[in-house]
Amino acid sequence: TAYRVDVVTIFPEYLAPLRQSLLGKAAERGLVAIGVHDLRQWTDDVHRTVDDAPYGGGPGMVMRPEPWARALEAVRPSGTRLVVPTPAGRPFTQAVAAGWAAEPGLVFACGRYEGIDQRVADWAAQHGPVSEVSIGDYVLAGGESAVLVMVEAVTRLIPGVVGNRESVEYDSHADGLLEGPSYTRPASWRGLDVPPVLLSGDHAAIARWRRAESLRRTAARRPDLLAALPEDALGPADRAV
Ligand SMILES: COc1cccc(COC(=O)c2cn[nH]c2)c1
């Protein structure tokens with residue numbers, strides 16, 4: 001059965017890219033089913049109000065709980081994970097994406113303004129898992145862009161969605177390290193040459209060189225990832241780097 005993704009938002013047209021290319025084909029092939037729902041469908045006033053002033057004062061507006069509860073009761077299959085993109089969330093990582101790809105599907109709640117009344121997540125947690133996650137340390141105007149990012153990261157891990165299985169398994173971050181540099185023809189280009197080892201045909205040497213490049217780049221750009229590696233992740237050959 002298809003992996004089911006539902007998104008609730010006040011800007012449904014923002015999620016149109018989900019129907020394009022990779023995801024479009026996967027949807028056509030019945031691997032992924034995508035639904036986009038306008039939160040305002042579940043408002044009950046003539047102005048279709050979704051926000052209100054924050055208790056305790058402060059700038060901006062907060063999204064009202066009732067329309068969200070009605071929307072989620074209509075859209076969320078029982079037990080399905082609710083994902084709320086927010087700058088205040090736990091980090092969204094490749095490991096998180098892989099875990100979600102193994103579930104039957106996801107429901108995304110796109111926040112706008114200063115956020116959604118916290119009781120929505122608290123109430124939703126009574127009906128299934130809820131994940132408040134961040135895709136990075138910056139603030140967006142709403143969760144829609146974050147949903148596009150997460151849906152792409154998750155659905156490409158679903159068997160059959162990406163043709164080349166190997167390219168998924170050898171993803172950057174798959175072994176906890178950053179991907180090293182890649183090259184293709186020509187071997188010499190504008191005075192810049194491809195590292196000779198890659199043209200040597202010596203596959204053991206190539207594998208060693210690639211591992212060393214991954215470690216070097218990770219140490220330079222993401223020392224936090226290096227520190228997070230499990231003790232036995234670095235072999236004796238790695239220490240030489
Ligand atoms: C749910 O409440 C809010 C409030 C404000 C913005 C958003 C959209 O998410 C982000 O800005 C974000 C997600 N990861 N990194 C940044 C949601």
Side-chain angles (χ1 to χ4, degrees), residues 5-18 23 34-43 48-77 80-101 103 105-157 171-173 178 221-222 224-225 228:
V5 173
D6 285 288
V7 186
V8 181
T9 168
I10 58 171
F11 292 119
E13 66 280 4
Y14 204 100
L15 281 302
L18 286 180
L23 278 175
I34 294 176
V36 178
H37 313 272
D38 185 342
L39 177 66
R40 293 191 197 273
Q41 184 181 335
W42 289 280
T43 54
R48 308 184 73 179
T49 313
V50 292
D51 64 322
D52 199 346
Y55 274 120
M61 301 289 272
V62 175
M63 298 188 97
R64 300 168 53 226
E66 185 56 19
W68 274 109
R70 291 183 191 151
L72 294 175
E73 283 175 335
V75 167
R76 185 190 185 194
T80 298
R81 181 179 301 275
L82 173 68
V83 178
V84 185
T86 168
R90 294 168 187 265
F92 176 71
T93 64
Q94 188 72 9
V96 171
W100 293 357
E103 297 179 356
L106 297 169
V107 174
F108 289 91
C110 297
R112 283 263 153 186
Y113 310 102
E114 300 310 306
I116 303 172
D117 186 302
Q118 189 58 43
R119 290 169 293 179
V120 174
D122 300 345
W123 166 82
Q126 300 168 7
H127 304 274
V130 175
S131 299
E132 294 184 62
V133 290
S134 166
I135 62 164
D137 295 333
Y138 35 78
V139 181
L140 305 168
E144 288 79 8
S145 308
V147 169
L148 292 176
V149 165
M150 290 191 271
V151 169
E152 184 166 332
V154 172
T155 53
R156 67 184 288 277
L157 298 177
D171 262 349
S172 181
H173 291 273
L178 301 183
R221 298 177 181 180
R222 294 293 305 278
D224 59 301
L225 288 180

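Atoms within each ligand, like the ligands themselves, are counted from 1 in listed order. For reference, positions follow the sequence shown, starting with 1.
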Donor-acceptor pair, distance only, cut-off 3.5 Å: does the side chain of Arg76 make one with the backbone of Thr80? yes

Do Arg221 side-chain atoms and Leu178 backbone N/O form a donor-acceptor pair below 3.5 Å? no

Side chain to side chain contact (heavy atoms under 4.5 Å, CB included), paired with Arg64, selected from Asp117, Thr49, Leu39: Thr49

A student comparing Gly136, Gly142, Ala146, Ser145 should find that the heavy atom closest to atom 15 (N) of ligand 1 comes from Gly136

The option among Pro85, Gly60, Gly115 carrying the non-hydrogen atom nearest to atom 17 (C) of ligand 1 is Pro85

Taking [atom] as the reference point, the nearest protein heavy atom with its distance:
| atom | result |
| --- | --- |
| atom 5 (C) of ligand 1 | Tyr113 O, 3.8 Å |
| atom 7 (C) of ligand 1 | Pro87 CD, 3.8 Å |
| atom 14 (N) of ligand 1 | Ile135 N, 2.9 Å |
| atom 6 (C) of ligand 1 | Leu140 O, 3.5 Å |

Are His127 and Leu82 side-chain neighbours, meaning at least one heavy-atom pair lies under 4.5 Å? no

Heavy atoms, side chains only, cut-off 4.5 Å: are Val62 and Asp52 in contact? no

Atoms of ligand 1, numbered as shown, that sit under 4.0 Å from any heavy atom of [X]:
| X | answer |
| --- | --- |
| Tyr138 | 15 (N), 16 (C) |
| Glu114 | 4 (C) |
| Ser134 | 14 (N), 15 (N) |
| Gly143 | 8 (C) |

Can you say whether the rings of Trp100 and Phe92 are parallel (under 30°), tilted (30 to 60°) or perpendicular (over 60°)? tilted

Using a strict 4.0 Å threshold on nitrogen-to-oxygen distance, state whether Glu152 and Arg156 make a salt bridge. no

